[in-house]
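Sequence positions, counted from 1, serve as the residue numbers for this chain.
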Amino acid sequence: MVFDPHNVDLTTADPTEVVCYLDLSSNDYNGQLGARISAIFVIGFVSSCATFFPVLAQRAPRLRIPLYVYLFAKYFGAGVIIATAFIHLLDPAYSEIGGQSCVGMTGHWADYSWCPAIVLTSLMLVFLLDFGAERYVEKKYGLCRDDPEPIMASGVEAQVQVHDGQRPCHDHDHERRSLDRPKSHDKQTKELESQSDYENQTIERSFRQQIAAFLILEFGVIFHSVIIGLNLGVTGSEFATLYPVLVFHQSFEGLGIGARMSSIPFKKGSWLPWILCSLYGLTTPISIAIGLGVRTTYNSGSFTANVISGVLDATSAGILIYTGLVELIARDFLFDPHRTQDDKRLAFMICCLFFGAGIMALIGKWA
């Protein structure tokens, strides 16, 4: 029997049919093509600028970006990433494929709580990749995890004192005894060269440890940006509200991406940070353009769209939850043996973190 929404007996109707009818929406595109086209350029420009700023502050010391401006960008961005995971990804994922949604009540989707399972799987896979990269670098360079040694930093980041908390395994007593012996000029020269090589190796291994986790983070954020761009291109009456909200939304996310990237010790002259910044900045504009291309046919409320969007949102939520809590908060505030002891600076960093999370959570009311 075909479900008739105009003639429903709630005592006998299948709840799944009712929910699926309520979830289903038609294509809501209502014109305003010029404003939607402008969103491609406005969001692309503003989000790119926000993404590039922390990287420029760290890699271009001649700009003389004040330390507290850099700290604000870094920890505000960290708060944004965490709020994005819970408010902008996890909650929509439950709405799209959770147990009370049309997808979650249909077929094998109803057999298990797939939404939290996808989040958990994503989170554990990110942990496994992160740990695997960490362990690979430890074995490759013969590192111990005690007696932390600072890595070399440049620009504003040097003032924040970023460290990797590791050093090569060797006999400390033998090293101390060797320090007491007189050294020849040649021996001193060799030791200086050896120290320089060690510092270069330290930067290289720190880069290898951090780049994998960052690429996973950007991958998760890009998933989210694709869905946002498509929806902005086809949304109806909400467009007037969604447009300015997404300008801030994408800018704040870009700030988080750029802040995380600024902590990675890329080699001097490397184009990789600029490429990665550009990749994020271009993702949403391209997605908006695609959305405009299918603006009269794409239905964001269809069963298939909900499945794809829900799985991507749940996957991205797991990635950002792990990255935000472990890579951004725990690593900087709890497990960094060289964390600053300046209470004023610490209070400022925490306030920025909470401010970023709060602002991004508030934006979740509209987007």
Can you tell me how the ring of Trp109 sits relative to the ring of Trp114, calling it parallel under 30°, perpendicular over 60° and tilted otherwise?
perpendicular
Below 30° counts as parallel, above 60° as perpendicular, anything between as tilted: where do the rings of Phe252 and Phe248 land?
tilted
Membership question, hydrophobic clusters at under 4.5 Å side-chain separation (ILVMFWY): are Tyr94 and Leu123 in the same one?
yes
Answer whether the closest heavy-atom distance between the side chains of Leu125 and Tyr322 falls below 4.5 Å.
no
State whether the number of non-hydrogen atoms from other residues, nucleotides or ligands found under 6.0 Å of Phe219 atom CZ is greater than 12.
no
Can you confirm whether Leu346 sits close enough to Arg339 that some side-chain heavy atom of one is under 4.5 Å from a side-chain heavy atom of the other?
yes
Could you check Val226 against Leu312 for side chain to side chain contact (heavy atoms under 4.5 Å, CB included), going step by step and ending with a plain yes or no?
CA-CA 10 Å; Val226 169; Leu312 291 180; 5.9 Å; no
Between CD1 on residue Ile211 and CD1 on residue Ile216, distance to nearest 0.5 Å
10.5 Å
Going by the angle between their ring planes, with limits at 30° and 60°, are Tyr68 and Phe348 parallel, tilted or perpendicular?
perpendicular
Rounded distance (nearest 0.5 Å) linking atom CD1 of Ile97 with atom CG of Asp313
8.5 Å
Derivation and outcome, side chain to side chain contact (heavy atoms under 4.5 Å, CB included), residues Asn231 and Tyr298:
CA-CA 9 Å; Asn231 289 339; Tyr298 177 72; 4.0 Å; yes
Return the CG to CD1 distance between Leu353 and Ile81, rounded to the nearest 0.5 Å.
11.5 Å
Nearest 0.5 angstrom please: Ile40 CD1 to Leu282 CG, how far?
11.5 Å
Please tell me if the side chains of Cys277 and Ile257 come closer than 4.5 Å, counting only heavy atoms from C-beta onward.
no
Test Glu238 against Trp366 for side chain to side chain contact (heavy atoms under 4.5 Å, CB included), laying out the working first.
CA-CA 9 Å; Glu238 303 105 0; Trp366 300 280; over 6 Å; no
Looking at every heavy atom in both Ala259 and Ala73, which two are closest together, and how far apart are they?
CB-O, 3.6 Å
Over all heavy atoms of both residues, which pair between Gly220 and Ser316 is shortest? Give the atoms and the distance, please.
O-OG, 2.9 Å
Evaluate side chain to side chain contact (heavy atoms under 4.5 Å, CB included) for His224 paired with Leu89, printing each intermediate quantity in order.
CA-CA 7 Å; His224 180 45; Leu89 291 171; 3.3 Å; yes
Nearest-0.5 Å distance that lies between atom OG in Ser309 and atom CD in Glu96
3.5 Å
Closest heavy-atom contact between Ser101 and Gly98?
OG-O, 2.7 Å
Side-chain heavy atoms nearer than 4.5 Å, only ILVMFWY residues, links allowed to pass through others: does that put Phe266 and Phe214 together?
yes
Shortest non-hydrogen contact between Gly301 and Asn306, atoms and distance:
O-ND2, 3.4 Å
